[in-house]
Amino acid sequence: MQLIDGKATAAKIKEEIAEEVNRMLAAGKRAPHLAAVLVGHDGGSETYVRNKVLACEACRFTSSLIRFEEDVTEEELLAKVDELNRDPNVDGFIVQLPLPAHISEQKIIEAIDYRKDVDGFHPINVGRMAIGLPCFISATPKGILELLRRYDIDTIGKKCVVLGRSNIVGKPMAQLMLQKGYGNATVTVCHSQSRNLQAECRDADILIAAVGSPAFVTADMVKPGAVVIDVGTTRVPDSTRPKGFRLQGDVDFEHVAPLCSAITPVPGGVGPMTICMLMLNTLSAAKHEFYA
Ligand code: NAP
């Protein structure tokens with residue numbers, strides 16, 4: 001069984017990005033600039049945004065953090081999005097989700113200039129991704145593709161089962177695994193209404209779990225020799241940990257890992273790759289790689 005080390009792979013990619021930024025600086029260009037908008041003080045969001053700022057430092061990017069209190073109005077947030085859209089010194093930006101209930105996330109996402117939408121959530125990027133055109137691909141599925149590629153995992157013609165159909169993970173993952181230019185696999189997507197989910201999983205050469213339910217994938221759901229990618233990151237209470245919780249994946253790692261040809265751990269698998277792909281998207285934005 002091969003452990004797919006997302007932490008080491010992400011560190012390597014960040015080094016590669018930093019080298020490219022050094023070359024840009026040496027050529028007289030400015031460093032890529034990623035801005036993040038954070039609303040409120042949700043613990044998870046604070047952690048994600050802090051990690052994004054740290055990743056920017058590792059990649060030698062400029063980063064800006066724009067904070068709003070929980071009671072910010074939708075109009076105020078839209079005005080900030082408009083300002084960032086127009087700012088020639090900002091290459092890409094994200095609005096950290098979730099947003100408070102009084103703000104329409106979809107409205108905010110659609111207000112972001114798709115050419116700066118490094119999260120890849122804008123319908124133009126989602127649509128272009130679905131038909132195989134160059135675009136910002138959302139970071140988690142992009143990170144999984146990169147892990148599969150860097151670990152030489154053959155996906156062509158394989159049976160891939162994606163568990164979960166969210167807009168940020170399950171759906172784009174399934175579309176990318178389906179496409180000729182990416183996974184080129186035979187893809188099945190399962191969700192909470194799927195019948196025969198266990199049998200579908202048992203048939204998978206590549207199983208990608210994005211359910212958000214700890215240890216959902218048990219050993220009897222995995223074909224011997226399968227590749228298992230665990231996207232799940234649920235905080236479960238753990239008094240032995242300094243923060244009082246630990247991250248648990250969607251896969252019962254202890255019992256599933258011995259069956260697999262390759263598997264991602266949680267933490268240290270998909271998670272570090274996600275932030276790293278945001279950096280890669282920002283680099284692409286700075287280079288105008290997808291859009292003029
Ligand atoms: P989500 O929006 O809650 O979607 C979960 C999906 O799983 C839904 O499609 C849901 O089906 C399905 N599901 C839930 N319970 C199920 C069950 N019992 N049987 C079959 N399907 C079931 O979650 P998400 O945003 O995709 O995230 C999934 C997990 O990945 C979470 O743990 C999240 O924290 C983690 N995540 C990690 C990263 C990372 O960088 N590592 C990034 C993003 C997300 P329905 O559609 O029918 O409700």
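Across every non-hydrogen atom of P134 and F290, the tightest pair is CB-CD2, 3.9 Å. Pairing each heavy atom of L38 with each of S45, the nearest pair is CD1-CB, 3.7 Å. Across all their heavy atoms, V169 and S166 have their closest contact at N-OG, 3.1 Å. Between M273 and A10, the closest heavy-atom pair is SD-N, 3.8 Å.
Side chain of E74 to backbone of S104: a donor-acceptor contact under 3.5 angstrom is found.
Side chains of L163 and I208 form no contact here, defined as non-hydrogen atoms less than 4.5 Å apart.
Within the structure, side chain to side chain donor-acceptor pair (under 3.5 Å) pairs that include any residue of residues 268-281 comprise T140-T274, K142-N281 (at least two apart or interchain).
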Name every donor-acceptor pair, under 3.5 Å, that has one atom in a side chain of residues 177-186 and the other anywhere in the protein, sequence neighbours excluded.
from : atom 1 : to   : atom 2 : distance (Å)
Q179 : NE2    : M129 : O      : 2.6
Q179 : NE2    : A130 : O      : 3.2

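Under the 3.5 Å distance criterion, with hydrogens and angles disregarded, no donor-acceptor pair is assigned to the side chains of N125 and H122.
Between D205 and K223 there is a salt bridge, with a side-chain nitrogen of the basic residue lying less than 4.0 Å from a carboxylate oxygen of the acidic one. Between R115 and D113, at least one side-chain nitrogen of the basic residue sits less than 4.0 Å from a carboxylate oxygen of the acidic one, meeting the salt-bridge criterion.
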With side chain to side chain donor-acceptor pair (under 3.5 Å) as the test, would you mind laying out the steps for H33 and S64 before giving the verdict? CA-CA 8 Å; H33 182 175; S64 320; 2.5 Å; yes
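Partners of Y114 under the ring pair (Phe, Tyr, Trp, His ring centres under 6.0 Å) rule, at least two apart in sequence or in another chain, are Y291.
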